[in-house]
Q: 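Handing you this structure, nothing more for now.
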Number of protein chains: 2
Amino acid sequence: MPTIRDVAKRANVGIATVSRVLNSSPSVSDETRNAVLAAIEELDFTPNPIARQLSTGRTSTIGVILPYLTMPSYVERLRGVQHALAETDYHMVLFSVGKPSERDAYIKDLPRNNLVDGILIISLPPDDSQAERLANADIPTVLVDAYHEKLCCILTDDVKGGKLATQHLIDLGHRRIAFLSEPLETPFHPSTKYRYQGYRQALLENDIPFRSEYVISETRGRFKAKKMAKKLLGLPEPPTAIFAGNDTLAIGILDRAKDLKIKVPKELSVIGFDGIRDAEYTNLTTIDQNLFESGVEGVHMLLKALEAAPSTPCERRLSLDLIRRKTTKKVKV
Amino acid sequence: MPTIRDVAKRANVGIATVSRVLNSSPSVSDETRNAVLAAIEELDFTPNPIARQLSTGRTSTIGVILPYLTMPSYVERLRGVQHALAETDYHMVLFSVGKPSERDAYIKDLPRNNLVDGILIISLPPDDSQAERLANADIPTVLVDAYHEKLCCILTDDVKGGKLATQHLIDLGHRRIAFLSEPLETPFHPSTKYRYQGYRQALLENDIPFRSEYVISETRGRFKAKKMAKKLLGLPEPPTAIFAGNDTLAIGILDRAKDLKIKVPKELSVIGFDGIRDAEYTNLTTIDQNLFESGVEGVHMLLKALEAAPSTPCERRLSLDLIRRKTTKKVKV
DNA sequence: TACTTCTCTGGAACCGGTTCCAATTAAAGA
DNA sequence: TCTTTAATTGGAACCGGTTCCAGAGAAGTA
């Protein structure tokens with residue numbers, strides 16, 4: 001592999017000049033520039049990015065820490081990140097997290113080891129000491145779908161979203177509203193819990209008594225949702241509407257309803273949460289939390305922070321949009 | 001940031017000794033080792049990986065080139081890669097490709113610029129000159145779901161899979177078998193075309209006349225599949241079975257059948273291809289091409305190549321498994 | 001005791017870029 | 001004609017590790 005010194009020798013110039021040509025510095029005469037370019041061409045020279053990285057201290061790489069791609073929402077966010085990053089010169093290193101210990105290890109090491117210029121953490125809220133560490137590092141960090149007062153973040157208000165979903169059902173006249181979700185307590189992001197809080201708040205504000213038999217929260221995945229939906233729909237007084245903690249679960253409920261020949265939305269209203277692609281295909285009414293956009297915005301915020309570190313943590317709240325499709329309807333009286 | 005020299009000074013040893021401690025070389029006395037470790041602790045020193053990379057020429061990083069995560073099969077393969085890589089010390093840099101020009105750029109630059117120790121290319125077959133370049137680079141490359149004689153690869157035999165799927169339907173007594181798929185000609189991987197070839201071959205071998213009205217191949221996504229299924233099922237002599245080019249399309253067909261009150265599998269058999277998770281949930285009979293495993297195996301092959309470059313391209317063919325679920329059945333006579 | 005061998009250790013060179021700083025030359029101004 | 005100034009250029013130091021090689025002691029051997 002030829003180096004910058006080989007090029008310099010060949011072009012009869014100094015190494016500094018070659019470097020200047022590589023970095024398109026204006027203070028090189030056309031004549032020398034051409035000579036250097038010719039030498040580069042002849043030697044088929046490519047600058048070694050690692051050497052540049054060591055020298056400049058910049059890596060042109062951003063690190064993305066996110067959970068294993070087990071949920072469509074993570075994938076959709078990652079897609080947004082990729083999309084936004086494709087238009088820059090930054091590379092992306094992926095650190096995917098299966099257990100809390102992995103998360104902690106990445107969050108601990110990444111800010112210190114000069115491997116990346118910036119960090120994007122998706123759907124993994126750091127604890128106070130981690131946030132402290134991240135905030136004090138000289139590498140900027142942006143949280144996507146997570147909040148900490150010390151850090152920049154792209155936020156989704158899950159409580160509000162849960163309220164919005166529930167209120168939509170209430171506005172349609174429903175009173176028997178069930179909530180079906182993944183476990184409320186997770187090692188990672190507590191978004192489900194927040195959505196549940198929104199559900200409770202909406203009930204409270206509308207003077208609708210809470211019924212514990214209407215809440216099932218140990219439901220992982222579409223298949224399980226289908227199973228659990230049966231339980232809900234088999235109650236002596238079954239709900240007329242179900243708010244699912246995410247779209248995948250909602251689709252599972254739709255599956256079951258079809259099997260049970262329960263007409264949606266005529267006999268049962270179903271609303272999801274997330275706004276993944278499948279929700280569109282299945283005509284699911286849902287709360288769209290703009291997943292793709294969250295990734296894009298996360299990158300933009302990080303790029304801004306890379307240019308000039310913000311004096312105070314910036315915060316951007318993404319909109320939550322109720323998308324009315326064909327799975328919710330006025331309750332029949 | 002403290003450097004190795006700061007540590008050396010603090011511990012009253014030479015920098016070489018500190019380096020030896022960092023790399024757990026055996027030829028350091030316990031006494032000096034402890035002194036160095038103490039100094040490292042006191043200074044909160046972390047070695048700079050970039051400097052190490054420059055010095056050793058190794059980056060502990062592998063580059064993954066793959067299409068944008070628009071299809072579940074890509075995500076599933078990537079998951080496999082992540083899973084296998086998590087058990088190693090390698091990092092993963094993701095290069096995702098939306099247009100052929102991006103693919104070409106990555107394949108051109110990545111092998112030369114010392115940024116990664118190895119390259120994994122997923123579902124993007126290189127042309128001859130690219131393969132040549134990759135084969136001659138001193139960085140090993142492994143193709144996953146793509147073939148080139150000059151390169152190591154993890155293979156799926158799409159023709160065979162297409163045949164397998166079609167033969168399954170034929171064995172069940174079907175004669176009117178449709179094929180619904182994404183476009184046959186794509187800028188990237190021609191797997192759909194191969195599956196189609198398998199379909200044609202199976203028909204031929206069983207003396208079943210080919211009918212062009214049974215082939216619809218411009219179908220992108222579940223939603224479009226639903227639309228196109230209507231067209232197929234509305235034919236004067238509709239097919240009794242449909243082979244879908246991938247699971248997502250098959251699920252779209254199931255949606256439509258439900259809407260049209262066509263009973264699956266009693267009145268219509270449907271088989272997919274891929275073996276994504278949704279296929280399990282929907283009880284779809286499919287050809288499982290072991291997507292997750294392809295990612296895992298790709299990493300293993302690459303790791304092996306990193307240890308010792310294989311003298312001749314190695315090749316591993318993944319099994320294709322017919323998973324009989326509840327969407328195919330003997331045709332009613 | 002003298003010599004060899006082995007165990008540890010430190011210095012300096014190296015990886016391949018960037019960049020500060022001083023030097024050279026040409027153009028401009030007095 | 002003599003400065004002053006601007007435009008180019010090259011050398012050397014630097015980024016922060018690894019590693020070759022030589023040297024100092026300690027231990028083993030004749």
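Residue numbering restarts at 1 for every chain, and letters A, B, ... go by the order of the sequence lines.
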Q: Hey, is the side chain of A/N48 poking within less than 4.0 Å of OP1 or OP2 on C/dC15, counting only N and O atoms?
A: no
Q: As a test of reading the structure: which of C/dG10, D/dG17, C/dT9 is closest to the side chain of B/V28, going by heavy atoms?
A: C/dT9
Q: Are A/D44 and B/R112 ion-paired here, with the side-chain N under 4.0 Å from a carboxylate O?
A: yes
Q: Mind checking if A/I50 touches a base, just sugar-phosphate, or nothing, with heavy atoms under 4.0 Å?
A: nothing
Q: Touch check for B/N114, heavy atoms < 4.0 angstrom, all strands: base, sugar-phosphate only, or nothing?
A: nothing
Q: From CD of B/E31 over to C1' of D/dA26, roughly how many Å is that when rounded to an integer?
A: 14 Å
Q: Once you round it to whole Å, what is the distance between C1' of C/dG17 and CG of A/D6?
A: 13 Å
Q: Closest to the A/T17 side chain: D/dT9, C/dG10, D/dG16?
A: D/dT9
Q: Quick check for you: among D/dG16, C/dG10, D/dT8, whose closest atom lies nearest to any side-chain atom of B/T3?
A: D/dG16
Q: Does B/R5 make a side-chain donor-acceptor contact with the base of D/dG17, cut-off 3.5 Å?
A: yes
Q: With the side chain of B/S19 defined as its heavy atoms from C-beta on, choose the nearest nucleotide among D/dT8, D/dT18, C/dT18.
A: D/dT18
Q: Hey, what do you get for CD1 (A/I40) to CZ (A/F45), rounding to the nearest 0.5 Å?
A: 6.0 Å
Q: If you check the A/S27 side chain, which of C/dT18, D/dG17, D/dT8 turns out closest?
A: D/dT8
Q: Can you measure A/K9 atom NZ to D/dG11 atom P for me and round it to whole angstrom units?
A: 11 Å
Q: Let's see if you can work this out: which of C/dA13, D/dC15, C/dT9 has an atom nearest to the side-chain heavy atoms of A/L54?
A: D/dC15
Q: Would you say the side chains of B/S191 and B/D158 form a donor-acceptor pair under 3.5 Å?
A: no
Q: Quick one: is D/dT9 close enough that its OP1 or OP2 comes under 4.0 Å of any side-chain N or O from A/T32?
A: yes
Q: Round to the nearest Å and state the distance from A/M1 atom CE to C/dC15 atom C1'.
A: 14 Å
Q: At under 4.0 Å, does any side-chain N or O of A/S29 touch on OP1 or OP2 of D/dA7?
A: no
Q: Could you check B/R317, B/R77, B/R316 and say which one makes a salt bridge (charged side-chain N to carboxylate O under 4.0 Å, His left out) with B/D145?
A: B/R77
Q: Rounded to the Å, how far apart are A/N34 CG and D/dT9 P?
A: 11 Å
Q: How close or far is atom P of D/dT19 from atom CZ of B/R52, stated in whole angstroms?
A: 9 Å
Q: Using the six-membered ring wherever Trp is involved, compare the ring planes of B/H91 and A/F95 and label them parallel, tilted or perpendicular (cut-offs 30° and 60°).
A: perpendicular
Q: Mind telling me whether B/H83 and B/F292 have parallel, tilted or perpendicular rings, with 30° and 60° as the class edges?
A: tilted
Q: Remember a base hit wins even if backbone is also touched, and classify B/N12 as base, sugar-phosphate or nothing at under 4.0 Å, heavy atoms.
A: sugar-phosphate
Q: Can you tell me how far C1' of C/dT19 sits from CD1 of A/I4, to the nearest Å?
A: 11 Å
Q: Among D/dT9, D/dT19, C/dT19, which nucleotide sits nearest the side chain of A/A16?
A: C/dT19
Q: Over how many whole Å does the gap from A/Q53 atom CD to C/dG16 atom C1' extend?
A: 12 Å
Q: Should the side chain of A/S55 and the base of C/dG17 be counted as holding a donor-acceptor pair, with the cut-off at 3.5 Å?
A: yes
